[in-house]
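Below: one structure, written as structure tokens.
In the text below, chain A, chain B and the rest are named by the order of the sequence lines, each starting its count at 1.
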Amino acid sequence: MIPLQIIREQPDWVIQRLAVKNFDANSLIYQILELDWKRKSTQFESDERSAEYRKLTQEIGSLIKAGQAGKANDRKNEVAKIKEEVRNLQERLDEISRQMNELLVRLPNIPDERVSPGISPADNEIVYSEGSIPQLPPEALCHWDLAVKYQIISFEIGSKVTGAGFPFYKDKGAKLQRSLISFFLDEATKAGYTEYEPPLLVNEDSAFATGQLPDKEGQMYFVPQDNFYLIPTAEVPLTNVYRNEFLKHTDFPIKLCAYSACFRREAGSYGKDVRGLNRLHQFDKVEIVQLSLPENSFQILEEMTEHVAHLLRKLELPFRKVKLCGGDMSFTSALTYDFEVFSAAQQKWLEVSSVSNFTEFQANRMKLRFKDKNGKTRLAHTLNGSALALPRIMAALLENNQSSQGIHIPEALIPYTGFDSIP
RNA sequence: GGAGAGGUGGCAGAGCGGUCGAAUGCGGCGGUCUCGAAAACCGUUGUCCUACGUAAGAGGGACCGGGGGUUCGAAUCCCCCCCUCUCCGCCA
């Protein structure tokens, strides 16, 4: 949620910035400003009446104490009238606030100055590419075929037991998954992130705080009996660890990481992009989260992308860093970098990480504040990144490392897997 | 799931219908003392909203887990929900 103060002070700037995200904020902003004014005046009136009301009730108290019951009763009649007025004003105020909030919540985060306009992934900017793309023989297989050949992933059993998009990993495939998770967690803790194991279900407040609600409601699995949402990413529980917290400026930066299963309904997805491991309803991911001082957040974003790049180098995968254009960025983000690995048999780049700075957008929603050096209350900045999402890493590893001798395991993983190839 | 107890300011903990934003202790901040520090003493100390003020701040309003109700008046009484603790049941 964009802090109201910014909208008040520079509405036209906000409109102009949001246009970079292809978001026409014009009417929303002006409606908000109008409601803001209405809210203020209503509240002013309501406060005045409340003050009167308070005074009167106190008078009644002292009259009763003084034994002047008659006078007190007269006052009671007066009070009844004011009370009714206060109640009406309060109701109007609540309604105005509700409307205003509804509009505020619909505004996406303001993109950073260095985000370029654009409407689709085609407009994203490739920051750099690294690693060499392997030349596979013509008989090379895509990972879904390799999965069958080596008996390490079963989509078939997954569909029987649960449904499409819920694969089973098996044997060395399962071990490889576990190895990747441990490797990513170890690297994250080495980099100073504190490891958490979060709940996989969260309540409504948490889902709202990080921006999943209200707009992405349909993308999450929901447990109506208890009003819980299955997390689409560990970002949700991790960031919410600090919901409603008031920190000291010396507490920053705060670095958290977690492995979790992630659940996404992926409503509306179809076609060849969803084949094999490319898009799943349940997948594993290690997430890194940082809370930072506003002045450091963009530098921290770079630091986090370096961490991701480091992981990909260690896995010996060809990858590229992509800066997202306005139109491809998420609702909550101010600046996002994606990392894509090249999956050699599919001959395409697969997104394996997304690292974003949410500036004060989430902090505002979740009331994550701190006192700065001057004792002023301010909103913190929140950031997160996948480090990394497993399925597409798995896909690229299998495809790129295939040979007649089997699947080769990168050096960095061998201490975890205990084997150097899948024969 | 059943029975009981409880949720108060950064923390601990009083208040149980009026003048209570809330005693007291601890902590924090400022000061006195000191070469300096500790101790002691004195002062101060929350959040949010706000058509006054350039600002510091002043004035007003709201907030005692969340929501509703009773009452002229609620932290205090009643109802619903959430959470914590104890006991019982069930269970990885």
Side-chain angles (χ1 to χ4, degrees), chain A residues 1-11 32-101 103-105 197-209 213 223-229 237 240-252 254 261 360 363-380:
Chain A
M1 205 153 61
I2 300 174
L4 184 60
Q5 208 191 349
I6 296 177
I7 296 171
R8 272 188 199 145
E9 285 168 6
Q10 29 197 350
I32 287 166
L33 288 175
E34 200 185 314
L35 283 168
D36 186 38
W37 173 250
K38 243 170 143 177
R39 200 197 97 250
K40 276 192 197 175
S41 57
T42 309
Q43 190 176 38
F44 183 78
E45 211 182 320
S46 163
D47 285 356
E48 283 210 315
R49 306 261 82 184
S50 295
E52 261 178 78
Y53 175 66
R54 270 180 65 141
K55 211 183 258 170
L56 272 173
T57 60
Q58 282 172 10
E59 270 177 44
I60 291 171
S62 25
L63 283 173
I64 289 172
K65 245 184 198 163
Q68 305 190 9
K71 267 192 183 169
N73 274 326
D74 294 346
R75 288 294 159 84
K76 282 187 193 178
N77 293 331
E78 268 180 72
V79 161
K81 214 180 77 198
I82 300 183
K83 185 182 180 174
E84 192 52 32
E85 286 175 20
V86 170
R87 185 193 288 267
N88 287 339
L89 285 166
Q90 199 58 48
E91 261 167 32
R92 248 171 69 196
L93 192 60
D94 288 349
E95 176 57 21
I96 292 167
S97 304
R98 197 191 57 74
Q99 282 177 17
M100 200 158 102
N101 217 47
L103 298 181
L104 270 172
V105 148
E197 191 187 308
L200 304 179
L201 281 74
V202 295
N203 60 32
E204 202 181 326
D205 287 346
S206 294
F208 173 80
L213 293 179
V223 184
Q225 196 164 25
D226 296 291
N227 258 286
F228 291 145
Y229 292 88
N240 271 285
V241 167
Y242 285 90
R243 170 152 54 86
N244 259 312
E245 292 294 316
F246 213 118
L247 303 167
K248 296 191 287 267
H249 65 91
T250 48
D251 292 336
F252 297 97
I254 293 170
E360 52 192 15
N364 188 219
R365 286 187 168 210
M366 71 173 111
K367 304 263 170 299
L368 167 51
R369 295 165 299 173
F370 72 100
K371 279 235 191 291
D372 71 12
K373 290 189 188 97
N374 305 316
K376 257 190 98 108
T377 300
R378 297 172 64 194
L379 290 166

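- With both ends at atom C1', the span from B/G18 to B/G28 equals 33 Å, rounded to whole Å.
- Nucleotides B/A22 and B/U34, compared at atom P, are 36 Å apart to the nearest Å.
- Spacing between B/C83 and B/G73 at atom C1', rounded to whole Å, works out to 30 Å.
- Distance noted for atom P between B/C35 and B/U44: 28 Å (whole Å).
- Listed by chain and residue number, A/N203, A/R243 satisfy the side chain to side chain contact (heavy atoms under 4.5 Å, CB included) test with A/D205 (two or more places apart in sequence, or in another chain).
- For B/A75 and B/C63, the P atoms lie 7 Å apart once the distance is rounded to whole Å.
- Checking the phosphate oxygens (OP1, OP2) of B/U50, a side-chain nitrogen or oxygen of A/R8 falls inside 4.0 Å.
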For RNA chain B, the expected dot-bracket line (Watson-Crick or G-U under 3.5 Å, [ ] crossing, | inter-strand) is ((((((((.[[[..)..(.....]]]((((((.......))))))(((((.(....).))))).[[[[[..)....]]]]])))))))....
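- The interatomic distance linking A/L4 (CG) with B/U50 (C1') rounds to 13 Å, in whole Å.
- With sequence neighbours excluded, the residues satisfying side chain to side chain contact (heavy atoms under 4.5 Å, CB included) with A/T42 are A/L89, A/R92, A/L93, A/I96.
- In terms of the ring pair (Phe, Tyr, Trp, His ring centres under 6.0 Å) criterion, residue partners of A/Y229 (sequence neighbours excluded) are, by chain and number, A/F222.
- Of the P atoms belonging to B/G43 and B/U47, the separation is 22 Å, rounded to the nearest Å.
- The separation between A/K38 atom NZ and B/A51 atom P is 18 Å, rounded to whole Å.
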Each nucleotide of nucleotides 55-83 of chain B classed B (base within 4.0 Å of a protein heavy atom), S (only sugar-phosphate) or -, in 5' to 3' order, makes -----BSS---------BS----------
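- With sequence neighbours excluded, no residue forms a side chain to side chain contact (heavy atoms under 4.5 Å, CB included) with A/E197.
- For B/A74 and B/C64, the C1' atoms lie 11 Å apart once the distance is rounded to whole Å.
- With sequence neighbours excluded, the residues that form a ring pair (Phe, Tyr, Trp, His ring centres under 6.0 Å) with A/F370 are A/F252.
- Side chains of A/I82 and A/L56 form a contact here, defined as non-hydrogen atoms less than 4.5 Å apart.
- Between A/R369 and A/T42, the residue whose closest nucleotide on RNA chain B is further toward the 5' end is A/R369.
- Legend: salt bridge (Lys or Arg N to Asp or Glu O under 4.0 Å) pairs involving residues 42-62 of chain A, not counting sequence neighbours, sorted by first then second residue: A/R49-A/E52, A/R49-A/E85, A/E59-A/R75.
- Under 4.0 Å is where a charged nitrogen must lie from a carboxylate oxygen, and between A/E95 and A/R98 at least one such pair does.
- A/L247 places a side-chain heavy atom less than 4.5 Å from the side chain of A/I254.
- Taking atom CZ on A/F246 and atom P on B/G28, their separation rounds to 18 Å, with Å as the unit.
- Rounding to whole angstrom units, CZ of residue A/R378 and P of B/C48 are separated by 14 Å.
- Among the protein residues, A/K367 comes within range of no part of the nucleic acid, since none of its heavy atoms lies under 4.0 Å from any strand.
- Counting any heavy atom pair closer than 4.0 Å across all strands shown, A/E204 reaches no nucleic acid atom.
- B/C78 and B/G89 have their P atoms separated by 31 Å, given to the nearest Å.
- Listed by chain and number, the residues in a ring pair (Phe, Tyr, Trp, His ring centres under 6.0 Å) with A/F228 amount to none (sequence neighbours excluded).
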Could you pull out the protein-nucleic contacts involving nucleotides 7-10 of chain B (nitrogen or oxygen on both sides, under 3.5 Å)?
none

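- A search for side chain to side chain contact (heavy atoms under 4.5 Å, CB included) contacts involving A/P11 returns A/I29, A/Y30, A/L33, not counting sequence neighbours.
- Atom C1' of nucleotide B/C48 and atom CG of A/L379 are separated by 13 Å, given to the nearest angstrom.
- Residues passing the side chain to side chain donor-acceptor pair (under 3.5 Å) test with A/Q225, sequence neighbours excluded: none.
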